[in-house]
Amino acid sequence: MKRIKISKLLKSNVPKDEVLIKGWVRTRRDSKGFSFIEVNDGSCLKNIQIVADSTLNNYQDVSRLSTGSAVVIAGKLVESTGPGQEWEVIAGRVEIVSLAPESYPLQKKRHTDEFLRTIAHLRPRTNKYGAAFRIRSELSFAIHKFFRDRDFKYIHSPIITGSDCEGAGELFKVTTLALGNPPKKDGKTDYSRDFFGKEANLTVSGQLSAEMFALALGDVYTFGPTFRAENSHTSRHVAEFWMVEPEMAFCDLEGNMDLAEEIIKYLTSYILDECIDDLELFAKFVDKSLMSTLENVASSDFRRLSYTAAVKILQKSGKKFEYDIAFGKDLQTEHERYLAEHHFKKPLIIFDYPKNIKPFYMRLNDDNQTVAAMDVLVPKIGEIIGGSQREERIEVLEKRMDEMGMPKDDYWWYLDSRRFGSVEHSGFGLGFERLLMLMTGISNIRDVIPFPRTPNSIEF
RNA sequence: UCCCCAGUAGCUCAGUUGGCAGAGCAAGUGGCUGUUAACCACUGGGUCCGCGGUUCGAGUCCGUGCUGGGGAGCCA
């Protein structure tokens, strides 16, 4: 007999004489002469209720099954005579694959997220984390589907890089040199004797690679891990996270914003359609307003306004902010939250930021003051996308790099793309985990990553 | 890196003015019942985060370190 997953079993329209289930015991309740066993196999949120009669030849052992034990059950699927579930399985055979001892840490009650983080290897066995990671899987698939349906090509950008890309944050060094005694030259570490012959780091962004491929394949995207060695202690930052980075040739900032809005709406609708059982758990136990938030994101047009207009709104708001608002200063978290959560109450896109607070590759606008940058802000999460139209004019780009004191030689290949068939092009970075926080209402980024990496924490 | 909060049973927490270490849940045992976070009874379970200090006496007060959490900065 072939094993059937519980997700499929529960969708059955008719009773079945023979089914084979493999999974883990969530709870057991004994009655006179038989036991109810709730079995979960991870395929969906719901358990299947097993009715195990005392006539089973190993009932003695079955009646001692503990939470977390692995079992194989052969039996028949019947309509449940009790309330609470549509189907149940009358067990003909219960094979105990392995018994979880009393030290099994997961109890039949709610645990705190902080405690579950200390047992991150077991937490996917809980309802909440099982649901979170099923949604993570679905969301990954939906991202590939979104791009494939629009004829984007998937690019694998390198994990180990020789340049620090955009100067975005602190880097993790990659080296095979002896830490205690590295070779020296003129008092400094001699990286010419390192594995790659020069300094190497873990990537902070696949953007520069993606730009090169956009100028060859047209529309491309990357979707992979990125690393930041920042000593951040917040619920929105981790050292290792995944980023989705589309890059489009022959595309200006407006087209870029169009795609950003389209993908957020598409993914939100997709999850609403495909993961409703899991979503309902979050709507019930994690964030009561989740459904209205998601429907708001999926259906409302994102408000677009320039940085200059945003600054004016903030100045006229009459609200006291901890940080000053003035043209040329970056918007702080409190400002972004005010705009997204109080003023507009829906997702918004802010564009045309002052050039002095943005990286070198963003395209200089005609006013010579601002660059064609855009950030997408959503309620509760804040910045979820950062992107720009890229500077395609080589003389403007080189001038900008000079102003910022960047070593142009290291970027010879990047500049080459502006020498040979340069065209206007745009792209953005979408924080995958932040998106997942939006979708689930989970408020700590550490709880949407299987094994999160944060300062001082790499246990698993 | 800065600011704030917390650390007591497996988990979640209480612990008064400095005076014998507590509850609920979980676990174990027994009972009961088509149960469903089942229910009832009993039992076991403690480096009160570490180190140092004050005191006749410290879970409690002081100093210090560590860990966790929240917020800020940085960003996705």
Side-chain angles (χ1 to χ4, degrees), chain A residues 26-39 46-53 64 66-68 78 80-85 88 90 100-119 122 126-127 166-170 204-207 223-245 260 285 321-323 330-337 357-359 375-378 381-387 428-438 443-449 454-457 459:
Chain A
R26 279 294 170 81
T27 179
R28 192 200 79 240
R29 295 178 293 272
D30 300 325
S31 284
K32 191 101 183 163
F34 61 99
S35 295
F36 295 107
I37 306 164
E38 296 278 341
V39 173
K46 291 197 177 84
N47 306 322
I48 184 80
Q49 173 164 286
I50 309 294
V51 182
D53 197 83
R64 269 197 263 279
S66 50
T67 303
V78 299
S80 179
T81 56
Q85 61 281 315
E88 63 188 18
I90 309 295
E102 65 202 63
S103 55
Y104 185 62
L106 293 173
Q107 302 171 0
K108 292 178 284 188
K109 65 165 204 169
R110 281 189 73 174
H111 289 291
T112 59
D113 294 323
E114 290 78 13
F115 170 67
L116 290 170
R117 262 171 235 153
T118 68
I119 50 168
L122 297 175
T126 65
N127 287 336
E166 44 178 306
E170 297 291 314
V204 295
S205 163
Q207 180 197 316
F223 181 21
T226 51
F227 308 87
R228 307 275 166 94
E230 278 152 15
N231 192 17
S232 295
H233 295 264
T234 83
S235 51
R236 304 186 310 282
H237 293 88
V238 274
E240 177 180 326
F241 63 98
W242 282 55
M243 205 153 46
V244 181
E245 296 182 284
F285 296 113
F321 292 109
E322 196 180 330
Y323 288 85
D330 207 355
L331 299 179
Q332 304 296 324
T333 299
E334 56 175 345
H335 306 137
E336 295 178 346
R337 292 193 68 144
I357 56 172
K358 290 293 181 184
D375 284 354
V376 179
L377 311 178
V378 293
I381 312 295
E383 186 177 341
I384 197 165
I385 282 179
F428 59 79
L430 164 62
F432 181 62
E433 281 80 7
R434 288 191 182 170
L435 184 66
L436 208 44
M437 291 166 75
L438 175 68
S443 56
N444 195 313
I445 197 166
R446 283 167 269 211
D447 297 334
V448 297
I449 300 178
T454 52
N456 266 318
S457 172
E459 182 62 30

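Letters A, B, ... mirror the listed sequences (proteins, then strands); counts begin at 1.
- The side chain of R446(A) contributes an N or O atom lying less than 4.0 Å from OP1 or OP2 of G69(B).
- Applying the 4.0 Å criterion to OP1 and OP2 of G73(B), one finds that T333(A) has a side-chain N or O inside that range.
- Distance check on atom P: G69(B) versus C13(B) gives 14 Å, rounded to whole Å.
- Taking a pair to require two hydrogen-bonding distances under 3.5 Å in either a Watson-Crick or a G-U wobble arrangement, G45(B) remains unpaired.
- No engagement by E334(A) is indicated, since no non-hydrogen atom pair under 4.0 Å with the nucleic acid exists.
- N231(A) has no side-chain polar atom (N or O) that falls below the 4.0 Å cut-off from OP1 or OP2 of C2(B).
- Distances shorter than 4.0 Å separate some side-chain N or O of T27(A) from OP1 or OP2 on A38(B).
- Looking at H237(A), its side chain comes within 3.5 Å of the base of C75(B) through a donor and an acceptor atom.
- Across C56(B) and U67(B), the matching C1' atoms stand 34 Å from one another, rounded to whole Å.
- You cannot call F34(A) stacked on the base of G34(B); the centres under 5.5 Å and planes under 30° rule is not satisfied.
- The distance between atom NZ of K358(A) and atom P of C74(B), rounded to the nearest whole Å, is 11 Å.
- With both pairing distances under 3.5 Å, A21(B) is matched to nothing as a Watson-Crick or G-U wobble pair.
- Pairing for C75(B) is absent, judged as Watson-Crick or G-U wobble with the two contacts each under 3.5 Å.
- Rounded to whole Å, the separation between the C1' atoms of G53(B) and U12(B) comes to 33 Å.
- Between the side chain of Q49(A) and the backbone N or O of Q85(A) there is no donor-acceptor pair closer than 3.5 Å.
- Sequence order on RNA chain B of the closest nucleotides to N456(A) and N444(A) puts N456(A) first from the 5' end.
- Using N1 to N3 plus N6-O4 or O6-N4 for Watson-Crick, or N1-O2 and O6-N3 for G-U wobble, each under 3.5 Å, U67(B) pairs with A6(B).
- Looking only at distances, a side-chain donor or acceptor of T234(A) sits under 3.5 Å from a matching main-chain atom of R236(A).
- For T81(A) and G34(B), a side-chain-to-base donor-acceptor distance below 3.5 Å is present, hydrogens and geometry of angles not being considered.
- Taking atom P on both A23(B) and G46(B), the two are 14 Å apart, rounded to the nearest angstrom.
- Nucleotides C20(B) and C61(B) have their P atoms positioned 16 Å apart, rounded to a whole Å.
- Closest to the E102(A) side chain, of the nucleotides A38(B), G28(B), G69(B), is G28(B).
- Between S80(A) and L331(A), the residue anchored closer to the 5' end of RNA chain B is S80(A), taking for each the nucleotide with the nearest heavy atom.
- Remark: C61(B) base-pairs with G53(B); criterion is Watson-Crick or G-U wobble with both hydrogen-bond distances under 3.5 Å.
- Note on E240(A): nothing from the nucleic acid sits closer than 4.0 angstrom, heavy atoms only.
- With hydrogens and angles ignored, no donor-acceptor pair under 3.5 angstrom links the side chain of R110(A) to the base of C25(B).
- Looking at R434(A), its side chain never comes within 3.5 Å of a backbone N or O of I381(A) through a donor-acceptor pair.
- Both distances falling under 3.5 Å, in either a Watson-Crick or a G-U wobble arrangement, occur for no nucleotide opposite U33(B).
- When the nucleotides A72(B), A76(B), U35(B) are ranked by their closest atom to the side chain of T234(A), A72(B) comes out on top.
- Here the side chains of T226(A) and V204(A) are not in contact, with every heavy-atom distance at 4.5 Å or above.
- Comparing the C1' positions of G59(B) and U47(B) gives an interatomic distance of 13 Å, to the nearest angstrom.
- G45(B) and U29(B) are spaced 15 Å apart, taking the C1' atom of each and rounding to whole Å.
- For a distance-only test at 3.5 Å, the side chain of E114(A) fails to qualify as a donor-acceptor partner of the base of U12(B).
- If you check every strand for non-hydrogen atoms under 4.0 Å, Q332(A) touches sugar and phosphate atoms only.
- Listed pair S232(A) / G73(B) fails the phosphate criterion, with no side-chain N or O lying under 4.0 Å from OP1 or OP2.
- Between R228(A) and F241(A), some side-chain heavy-atom pair lies under the 4.5 Å cut-off.
- Taking atom C1' in both U55(B) and C11(B), the straight-line distance is 35 Å, to the nearest Å.
- Contact annotation for I445(A): base contact, defined as any heavy-atom pair under 4.0 Å involving a base atom.
- Using modelled atom types, one side-chain atom of E245(A) and one backbone atom of G206(A) make a donor-acceptor pair closer than 3.5 Å.
- Residue R64(A) places none of its side-chain N or O atoms closer than 4.0 Å to OP1 or OP2 of A27(B).
- Taking only side-chain nitrogens and oxygens, R117(A) comes nearer than 4.0 Å to OP1 or OP2 of G69(B).
- Between E114(A) and R117(A) there is a side-chain heavy-atom pair separated by less than 4.5 Å.
- In terms of polar N and O atoms assigned as donor or acceptor, the side chain of Q107(A) comes within less than 3.5 Å of the base of G10(B) in a complementary pairing.
- For the pair R29(A) and U35(B), the criterion of a side-chain N or O lying under 4.0 Å from OP1 or OP2 is not met.
- Listed nucleotides C11(B), G34(B), A76(B) differ in distance to R434(A); the shortest reach to its side chain belongs to A76(B).
- Remark: P of U35(B) and CD1 of I90(A) are 15 Å apart, rounded to the nearest angstrom.
- Nucleic acid contact for E433(A): none, since no nucleic acid atom lies under 4.0 Å from a heavy atom of the residue.
- One atom, CZ of F115(A), and another, P of U8(B), lie 12 Å apart when rounded to the nearest Å.
- Summarising the local packing, NZ of K46(A) is surrounded by 12 or fewer heavy atoms from other residues, nucleotides or ligands at distances under 6.0 Å.
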